[in-house]
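Keep in mind that what you see is a predicted model, and the values were worked out from it rather than measured.
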2 protein chains.
Amino acid sequence: MTTTVRVLLADDEHLIRGALAALLALEDDLVVVAEAATGPEALAMARAHAPDVAVLDLQMPGADGVKVATSLRAELPGCKVLIVTSHGRPGHLKRALAAGVRGFVPKTVSAQRLAELIRTVHAGNRYVDPELAADAISAGDSPLTVREAEVLEHAADGAPVAEIAERAALAEGTVRNYLSSAASKLGAENRHAAVRLARERGWV
Amino acid sequence: MTTTVRVLLADDEHLIRGALAALLALEDDLVVVAEAATGPEALAMARAHAPDVAVLDLQMPGADGVKVATSLRAELPGCKVLIVTSHGRPGHLKRALAAGVRGFVPKTVSAQRLAELIRTVHAGNRYVDPELAADAISAGDSPLTVREAEVLEHAADGAPVAEIAERAALAEGTVRNYLSSAASKLGAENRHAAVRLARERGWV
DNA sequence: GCCCGCCCCTGACATTTGTCATGCCGGGCG
DNA sequence: CGCCCGGCATGACAAATGTCAGGGGCGGGC
C-alpha cells in the first residue's frame with residue numbers, strides 16, 4: 001500500500017500557491033491539507049492539521065521559512081520541512097539546515113520534481129539543490145564575529161554611526177571599527193557595500 | 001463562438017510557469033502557445049508565435065517585463081501585454097503603462113482571476129490592481145530631477161563620490177549636492193537610505 | 001522686455017566616517 | 001605558569017561626505 005502524504009503549503013503569492021496545490025493534487029499519493037500565506041498562519045495551520053510535510057516559501061510576511069521551521073521542529077517533530085525559494089542566498093541554506101529543514105530547492109524546479117522531493121523528505125531522506133549547495137560551500141562560513149554582524153545589521157538601513165552606537169550600546173569609535181573590519185573581511189569598499197554583500201551571502 | 005486566446009507565458013521560475021501553464025490549460029478558451037524564462041527569450045518566442053496576450057513576470061534575467069513590453073509594442077502591436085509581479089513598486093506601474101502594458105497585477109491574485117484578466121485585456125480593456133494603483137497615486141511622480149536620478153543610480157552600489165563624479169563627468173561638490181538634495185526630497189537621512197527609498201518607489 | 005523660479009553647476013566649510021595604534025580580557029598551548 | 005592569539009573596546013587623526021551660499025542659463029508669466 002502506498003501511504004498518502006499530507007502536505008501543508010505556505011507561500012504568500014496566492015497565484016503560485018493555488019497553482020501548486022492544483023498540480024500536487026494530480027499526484028495520487030499527495031494531498032494538500034492546508035494552505036497559508038504568512039509565517040504565523042503557516043504555524044497555526046500546521047498545529048491544526050499536523051501535516052506530514054510542510055512546503056514553505058523562504059520569504060513570507062510575518063516570519064520567514066526558517067523561523068517557521070524552527071518552531072515546527074519543536075512543536076511537531078514528525079513534520080518534515082521542505083523549503084522553496086526564489087533567490088537562493090548561501091547563508092540561508094546553512095541556517096535552514098541548522099533549523100532541521102530536510103529539503104531546500106529553488107523555485108526553478110519543475111512541479112514534477114517537487115512532488116518527487118516531497119516523497120523523498122517524507123521518506124526521511126534529505127535533499128538540497130546541488131547548485132545552491134555549491135554556492136553555500138564556496139561562500140563558506142561567515143568570517144564575521146558576533147559583534148561585527150550585530151553592528152552590520154544595525155547599519156543595514158543606512159543609519160548614521162551615532163544611532164548604531166546607541167542601539168548597540170557601544171562607543172562610536174568602536175562601531176566604526178567593527179564596520180571597518182567587517183568591510184575589509186568582505187572585501188567591500190565601505191560599510192554600505194559590506195551590508196549588501198553580507199545580505200547576499202545570507203550572513204546577516 | 002468563443003474565440004480561443006493564444007497566450008505567451010514568461011517567468012523565470014520554472015515551478016510557477018509550469019504550474020500556471022497547467023492551470024490556464026484548464027480554461028477552454030485559453031491556450032498557452034509558448035513559454036520563456038528570460039526577457040530575450042520571451043521576445044524571441046513572441047516573434048515566433050505571435051500570441052494574442054503575453055503574460056510577463058516583471059523581474060526576469062536579461063530584460064525586465066517593461067523592456068520586453070516596449071519592444072513588443074513596436075514589433076507586435078496586436079499583442080496585448082499583462083504584467084504580473086511579486087513585489088509591486090509604484091514607479092514600475094507607471095513605466096509599464098507608459099510602455100503600453102494593458103494589465104498589471106500582483107502574484108497574489110488567484111489563477112481563476114488571472115484567466116479572467118487575460119480575457120479582459122484580450123478584449124481590449126485595461127486592468128490594474130486597485131491596491132497597486134493606489135500606491136502609485138499616493139507615491140506620486142518622482143520629485144527628482146534628471147541629474148539627481150542619474151547621480152543616485154551611480155551611487156546605488158555604494159561607490160564613493162569621486163567615482164560617481166567621474167562617471168557622471170561632474171565636480172565632486174556637484175555630485176554631493178545632487179545626492180544631498182535627492183536625499184532631502186526623499187526624506188532620507190543620507191544617500192544610502194535615499195537609494196533604498198528611490199528603489200522601493202521605482203524611481204531609479 | 002523683464003522678472004521670477006527652477007535647474008544646473010561650483011568651491012569652501014562643518015560634520016561624519018574610515019583607519020590606526022593601543023589596551024584589556026579570556027582561552028588554548030607549550 | 002607564562003605566553004600568545006583573537007575578540008572586544010576606545011580615542012585620535014586623516015579622509016570622505018553632507019551642507020551652505022552663490023552664480024549662470026533658460027523658460028513661463030506679466
Please report the distance, rounded to the nearest Å, between [atom1] in [X] and [atom2] in [N].
| X | N | atom1 | atom2 | value |
| --- | --- | --- | --- | --- |
| B:Glu163 | D:dT17 | CD | P | 10 Å |
| B:Glu148 | C:dC6 | CD | C1' | 11 Å |
| B:Asn190 | D:dT19 | CG | C1' | 14 Å |
| A:Glu189 | D:dT17 | CD | C1' | 15 Å |
| B:Glu166 | D:dA16 | CD | P | 14 Å |
| B:His192 | C:dT17 | NE2 | C1' | 10 Å |
| A:Tyr178 | C:dC20 | OH | P | 17 Å |
| B:Leu179 | C:dT17 | CG | P | 14 Å |

Candidate nucleotides [options], ranked by approach to the side chain of [X] - the nearest:
| X | options | answer |
| --- | --- | --- |
| B:Pro160 | C:dT17, D:dT17, D:dA9 | D:dT17 |
| B:Arg176 | D:dT17, D:dG11, C:dC9 | D:dT17 |
| A:Asn177 | D:dG18, C:dG18, D:dT10 | D:dT10 |

Using a strict 4.0 Å threshold on nitrogen-to-oxygen distance, state whether A:Glu116 and A:Arg113 make a salt bridge. yes
Could you check whether B:Arg196 pairs with B:Glu200 (Lys NZ or Arg NE/NH1/NH2 to Asp/Glu carboxylate O, under 4.0 Å)? yes
Mind checking A:Arg147 for me? I need base, sugar-phosphate or nothing, with any heavy atom below 4.0 Å counting as a touch. sugar-phosphate
Please assess A:Val84 against A:Leu20 for the test side chain to side chain contact (heavy atoms under 4.5 Å, CB included), listing each intermediate value before the final yes or no. CA-CA 12 Å; A:Val84 294; A:Leu20 229 48; 5.8 Å; no
Roughly how far apart are B:Asp52 CG and B:Leu30 CG, rounded to 0.5 Å? 10.0 Å
NZ on A:Lys107 to CG on A:Leu114, rounded to 0.5 Å: 11.0 Å
For DNA chain C, whose closest nucleotide is more 5', that of B:Pro143 or that of B:Glu172? B:Pro143
When the nearest nucleotide of DNA chain C is assigned to B:Val146 and to B:Gly173 on a heavy-atom basis, which residue is associated with the more 5' position? B:Val146
Below 4.0 Å: OP1/OP2 of [N] and any side-chain N or O of [X]:
| X | N | value |
| --- | --- | --- |
| B:Arg191 | D:dT17 | yes |
| A:Ser180 | C:dT17 | no |
| B:Thr174 | C:dT10 | yes |

